[in-house]
Amino acid sequence: MLGRFLRGHDVTIRITEVEAYAGPLDPASHAYTRTPRSEIMYGPPSRLYVYRIHGHFCANVVTGPDGEASAVLLRAGEVVDGLDVALRRRGEHLAPTRLARGPGNLAKSLGITMDDLGVDLDAPRSRGVRFIAPDEIDPHPAGAGPINSVLISSGPRVGVRRNADVAWRYWITDDPTVSAYRRHPRAH
DNA sequence: CCTCCGATGTGCT
DNA sequence: GCACATCGGAGGC
């Protein structure tokens, strides 16, 4: 997923940081317990799971086969199109590298809300949220290319209390848009 | 119904 | 490093 392009409500980002959540196997996952909220993650992949926390929205891509609840949290991205719209949503004075740094800020840049819950990110669509190919972006962005041409780093997930030591956070090495690591104060 | 609390962000010390 | 805004989900009663 790193290096892919995600378009949301007239803003496009190149994904630079993600975290994996392993459903029932992972106490940090919302799908650790199967509830109405986590039900979407038990369904087919490539759907958008949106949740609200502390007044912010966060966006996940459901992964794995239908029936298995796993997901990838989108933590940071580089805005490559719709910069004016993203600045309007986030604040005109912000540095471009900070627009989509952190999952709440990423969702806000893309205009993602609970209205986008459940959309199929692989379905061709003119509006809303979906993955797009690099050649759909004009001008063609720098850094677009095979993901195996960049270095990927990994480490523990940010701010989780349970299962805090597994290295399921992945990011593009040295990318300036990647968020800072913070360990949960009461991490196990 | 009520309480607890978090996969956050921001600002201040 | 720490407080806190802010609010729905989850679970206890």
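Proteins come first, then strands; the chains are lettered A, B, ... in the order of their sequence lines, and each starts at number 1.
- A:Arg161 has its CZ atom 11 Å from the C1' atom of B:dC4, to the nearest Å.
- The closest donor-acceptor contact from the side chain of A:Thr177 to the backbone of A:Thr97 lies at 3.5 Å or more, if one exists at all.
- A:Arg90 comes within contact range of the sugar-phosphate backbone alone, with a heavy-atom separation under 4.0 Å but no base atom that close.
- Within the nucleic acid shown, A:Asn105 comes within 4.0 Å of sugar-phosphate atoms alone, with no base atom in reach, counting heavy atoms only.
- Tested against A:His30, the residues A:Tyr21, A:Tyr51, A:Tyr49 include a single side chain to side chain donor-acceptor pair (under 3.5 Å) partner, A:Tyr49.
- Where stacking is scored as ring centres under 5.5 Å apart with planes under 30°, A:Tyr21 registers as stacked on the base of B:dA7.
- A:Tyr51 has its OH atom 13 Å from the C1' atom of C:dG9, to the nearest Å.
- Rounded to a whole Å, the CG atom of A:Leu74 is 13 Å from the P atom of B:dT8.
- For A:Phe131, the CZ atom counts as densely surrounded, since its 6.0 Å shell holds more than 12 non-hydrogen atoms of other residues, nucleotides or ligands.
- Here B:dT8 presents its P atom at 12 Å from OH of A:Tyr181, a figure rounded to the nearest Å.
- Counting only Watson-Crick or G-U wobble pairs whose defining distances are both under 3.5 Å, the stems of 3 or more consecutive pairs in DNA chain C are B:1-6 with C:7-12, B:8-12 with C:1-5.
- Of the listed residues (A:Ile112, A:Val61, A:Thr16, A:Asn60), just one forms a side-chain contact (heavy atoms from CB on, under 4.5 Å) with A:Leu74, and that residue is A:Val61.
- At distances below 3.5 Å, not a single donor-acceptor pair connects side-chain atoms of A:Arg161 with backbone N or O atoms of A:Ala28.
- The side chain of A:Arg75 places no N or O atom within less than 4.0 Å of a non-bridging phosphate oxygen (OP1 or OP2) of B:dA7.
- As judged by a 4.0 angstrom heavy-atom cut-off over every strand, A:Arg37 is placed among residues touching the sugar-phosphate backbone only.
- Rounded to an integer number of Å, the gap from CD of A:Glu39 to P of C:dG8 is 21 Å.
- Between the NE2 atom of A:His93 and the P atom of B:dG11 there is a distance of 7 Å, given to the nearest Å.
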Restricting to nitrogen or oxygen on both sides, can you table the protein-nucleotides 5-7 of chain C pairs closer than 3.5 Å?
| residue | atom | partner | partner atom | Å |
| --- | --- | --- | --- | --- |
| C:dA5 | N6 | A:His54 | ND1 | 3.2 |

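- A:Arg75 and A:Ser179 share a donor-acceptor pair across their side chains, judged by distance under 3.5 Å alone.
- OP1 and OP2 of C:dG9 both lie 4.0 Å or more from every side-chain N or O belonging to A:Thr35.
- Rounded to whole angstrom, the span from the CZ atom of A:Phe57 across to the P atom of C:dG8 amounts to 9 Å.
- Along DNA chain B, the nucleotide nearest to A:Leu94 and the one nearest to A:His184 differ in position, and the one closer to the 5' end is contacted by A:His184.
- Under the side-chain contact (heavy atoms from CB on, under 4.5 Å) rule, A:Leu6 has a single partner from A:Thr12, A:Val129, A:Ile132, which is A:Val129.
- A:Ile15 contributes atom CD1, which lies 6.5 Å from atom CE of A:Met1 (distance to the nearest 0.5 angstrom).
- Counting heavy atoms from C-beta outward, A:Arg7 and A:Asp81 have side chains that approach closer than 4.5 Å.
- Within the nucleic acid shown, A:Arg98 has no heavy atom closer than 4.0 Å to any nucleic acid atom.
- Rounded to whole Å, the distance from NE2 on A:His30 to P on B:dG6 is 10 Å.
- The backbone N or O of A:Tyr32 lies less than 3.5 Å from no partner atom in the side chain of A:Arg34, so there is not a single donor-acceptor pair.
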